[in-house]
Amino acid sequence: MNVMKVLRKKVRDNMYAWGLLVALIVFWEAAVKLMDLPKYFLPAPTAIAQKIAANIPLLAFNTWVTLYEVLLGFALGMLIGIPLAILIVYVPVLEKSVYSILVSANAIPKVALAPILVVWLGFGLAPKLVVAFLICFFPIVVNTVIGMKSITPEMIKLAKILGATSQQQFFKFRLPKALPSIFGGLKIGVTLAVVGAIVGEYVAAEKGLGYVQMIFAGNLDTAMVFSVLVILSVMSVVLFNVVAFIETLVVKGNTEEVSECDTAQ
Amino acid sequence: MEISAKGLSCEAQNVCKIYTTKQGSTMALSEDSLYVQAGEFVSIVGPSGCGKTTLLNIMCGLLPASDGTVLIDGKAIHGPYTDIGYVFQQDVLLGWRTVFENVILPIEIKKLRPVEEYHQRAKDLLEMVGLKGFEHKYPGELSGGMRQRVSICRALLCSPPLLFMDEPFGALDALTREQMNIDLLDIWSKNQNTVLFVTHSIDEAVILSDRVIIMSNRPGKIIKDIKIDLPRPRTLHMKGSDRFVEYVTEIRDIFNEYGVLRDEKNQGKV
């Protein structure tokens with residue numbers, strides 16, 4: 001019954017959001033029509049929809065290219081970020097050295113590394129993947145470290161008095177306690193990975209949604225630029241929700257104590 | 001499965017604990033000795049920071065003593081003694097596990113068999129503390145008193161010969177607390193284990209215990225050991241009896257004498 005309540009509340013909350021969104025689109029359509037804005041300046045939503053419908057094969061191919069870069073970058077971010085964070089928590093020397101540097105390095109605007117990466121890695125998949133990886137790597141590491149450290153001294157005491165081995169301490173106490181925070185990092189990370197891949201494509205590419213945008217922006221085909229933007233937004237939202245859905249499957253119990261560092265990045 | 005495991009004796013011999021910090025060393029516990037008989041219910045009362053918890057943790061091996069020996073069932077222990085139920089001031093339930101999964105945590109960690117029997121015991125324990133039907137709830141859905149009951153069930157699952165409780169009811173409201181006291185006595189009478197109970201409530205210590213150990217602070221030192229000669233089973237009603245009031249007054253006077261409690265109205269600023 002509690003679940004139903006939450007679900008109903010969610011639908012109600014989302015109804016307002018959807019309502020506002022529809023209202024904004026209608027307003028946009030009306031504004032373009034009434035003010036008779038030139039198409040290259042601001043295309044109407046219907047024009048964008050038509051554009052998408054007319055270019056499905058092209059958009060689908062390039063969406064796949066970008067999605068592939070995003071997923072690989074994000075996967076790398078997880079595969080390197082989470083184990084590194086665990087090491088940082090268990091090895092004090094690493095925390096004092098690697099982690100401090102990481103936290104400072106987070107201040108570097110990662111997208112600004114893209115031109116350098118192109119010089120080093122060429123025009124192919126590699127530089128996009130690396131930018132996507134770099135940009136999602138930081139929130140994943142930081143949130144995993146915070147989560148892994150959120151175990152309370154009482155929990156450690158409980159584990160000791162129960163005679164838990166260090167392996168059991170990890171799998172039965174530390175890791176489950178950290179999961180909400182880890183997922184917080186993954187949710188931020190996956191949307192940032194999209195940003196990383198696009199920026200990589202802006203700098204140098206011969207395919208992908210960022211590349212398509214650059215080409216059509218050059219031709220003043222603004223409706224096409226908007227079409228790509230719509231697809232990218234949908235991609236981000238879908239990826240975020242996939243991670244959020246996996247979270248509901250993996251994270252059990254009350255989610256009140258979800259980490260407060262979700263917005264830290 | 002037999003529910004009652006006989007309690008074990010527990011003894012601290014001349015234990016002391018010194019914490020060394022940059023500012024110097026502080027003696028948290030000084031040369032304390034305490035013998036708790038098998039099956040006895042002993043409370044430790046004292047002001048905050050007097051080393052009650054330190055003594056408790058030393059006596060189960062969670063904390064190494066700076067000097068002295070701890071014997072359980074006559075044998076010296078080194079490191080945590082795991083055949084023990086430990087109840088914390090906070091319930092320390094794992095929020096991602098249901099009530100039932102929290103109670104059976106000890107057998108998962110200790111890999112005890114047969115699982116079915118322990119599962120049945122977990123259900124019985126939950127029923128005993130009035131939590132039948134809550135097995136599949138998560139701790140976040142329960143009240144403070146219910147959560148603490150779950151943590152007591154977890155501590156009792158393996159029928160430990162020793163039950164150590166560190167201000168277990170300190171975070172509960174007064175009424176829930178009285179009820180928990182009675183429930184605890186009921187559980188103890190069925191289990192016959194040795195209980196070492198830390199509290200700063202004089203009432204609670206007297207109504208529960210066979211003996212009340214009184215500690216003063218800086219450094220933590222046992223100053224008195226009072227045998228409580230009230231009949232068992234104890235009831236809340238006894239709190240109105242002359243004997244009960246006498247014990248409480250006696251203990252309060254001791255704290256007064258040691259300056260932990262002060263009655264004089266014209267005392268200077270502390």
Side-chain angles (χ1 to χ4, degrees), chain A residues 1-7 9 143-144 146-186 244-262, chain B residues 53-54 56-64 77 79-112 136-142 147-148 150-151 154-155 157-158 160 162-168 171:
Chain A
M1 63 263 160
N2 223 345
V3 179
M4 279 308 289
K5 226 188 230 166
V6 171
L7 221 73
K9 188 175 161 10
N143 279 272
T144 305
I146 291 171
M148 286 285 161
K149 288 179 139 193
S150 69
I151 189 166
T152 62
E154 281 79 20
M155 278 186 189
I156 295 173
K157 248 166 111 180
L158 174 69
K160 274 191 191 160
I161 206 74
L162 289 173
T165 61
S166 44
Q167 216 180 357
Q168 284 174 325
Q169 266 191 44
F170 179 79
F171 285 107
K172 300 241 181 236
F173 295 86
R174 215 179 261 277
L175 183 62
K177 183 81 172 70
L179 278 178
S181 181
I182 294 176
F183 271 98
L186 293 180
F245 177 70
I246 295 170
E247 180 182 15
T248 62
L249 297 182
V250 175
V251 179
K252 298 269 164 58
N254 52 325
T255 42
E256 303 155 26
E257 9 171 26
V258 169
S259 70
E260 285 147 32
C261 50
D262 282 7
Chain B
T53 302
T54 305
L56 191 76
N57 287 343
I58 286 175
M59 288 186 76
C60 64
L62 262 181
L63 200 66
I77 59 161
Y81 187 80
T82 56
D83 196 7
I84 189 181
Y86 195 109
V87 180
F88 300 83
Q89 178 167 11
Q90 268 80 38
D91 46 75
V92 202
L93 295 179
L94 309 183
W96 56 90
R97 298 172 74 108
T98 63
V99 164
F100 181 76
E101 288 167 344
N102 265 289
V103 176
I104 60 163
L105 179 70
I107 66 154
E108 256 182 61
I109 301 280
K110 295 176 184 172
K111 300 203 166 70
L112 296 178
H136 303 297
K137 298 261 183 214
Y138 284 96
E141 302 171 75
L142 306 185
R147 292 167 64 115
Q148 194 57 288
V150 176
S151 88
R154 177 179 63 197
L157 182 73
C158 302
L162 290 158
L163 182 59
F164 279 27
M165 306 180 94
D166 185 9
E167 297 182 32

Which region of Asp83(B), side chain (C-beta onward) or backbone (N, CA, C, O), has a non-hydrogen atom less than 4.5 Å from a non-hydrogen atom of chain A, or is it both or neither? neither
Distance, nearest 0.5 Å, that separates CE of Met155(A) from CG of Leu94(B): 5.5 Å
Tell me, please, which residues at least two apart from Tyr81(B) pass ring pair (Phe, Tyr, Trp, His ring centres under 6.0 Å). none
Separation between NZ (Lys172(A)) and CZ (Arg97(B)), nearest 0.5 Å, reads 5.5 Å
Proximal component of Gln89(B), with respect to chain A [non-hydrogen, under 4.5 Å]: neither
So does Lys160(A) have more than 12 non-hydrogen atoms from other groups sitting under 6.0 Å from NZ? no
Between Ile161(A), Leu158(A), Leu162(A), which is the residue that forms a side chain to side chain contact (heavy atoms under 4.5 Å, CB included) with Tyr86(B)? Ile161(A)
Rounded to the nearest 0.5 Å, how far does CG of Asp166(B) lie from CD of Glu154(A)? 9.0 Å
How close do Trp96(B) and Phe173(A) get, heavy atom to heavy atom, and via which atoms? CH2-O, 3.5 Å
Can you tell me if Lys149(A) has over 12 outside heavy atoms packed within less than 6.0 Å of its NZ? no
Quick check: do Val92(B) and Lys157(A) have side-chain heavy atoms less than 4.5 Å from each other? no
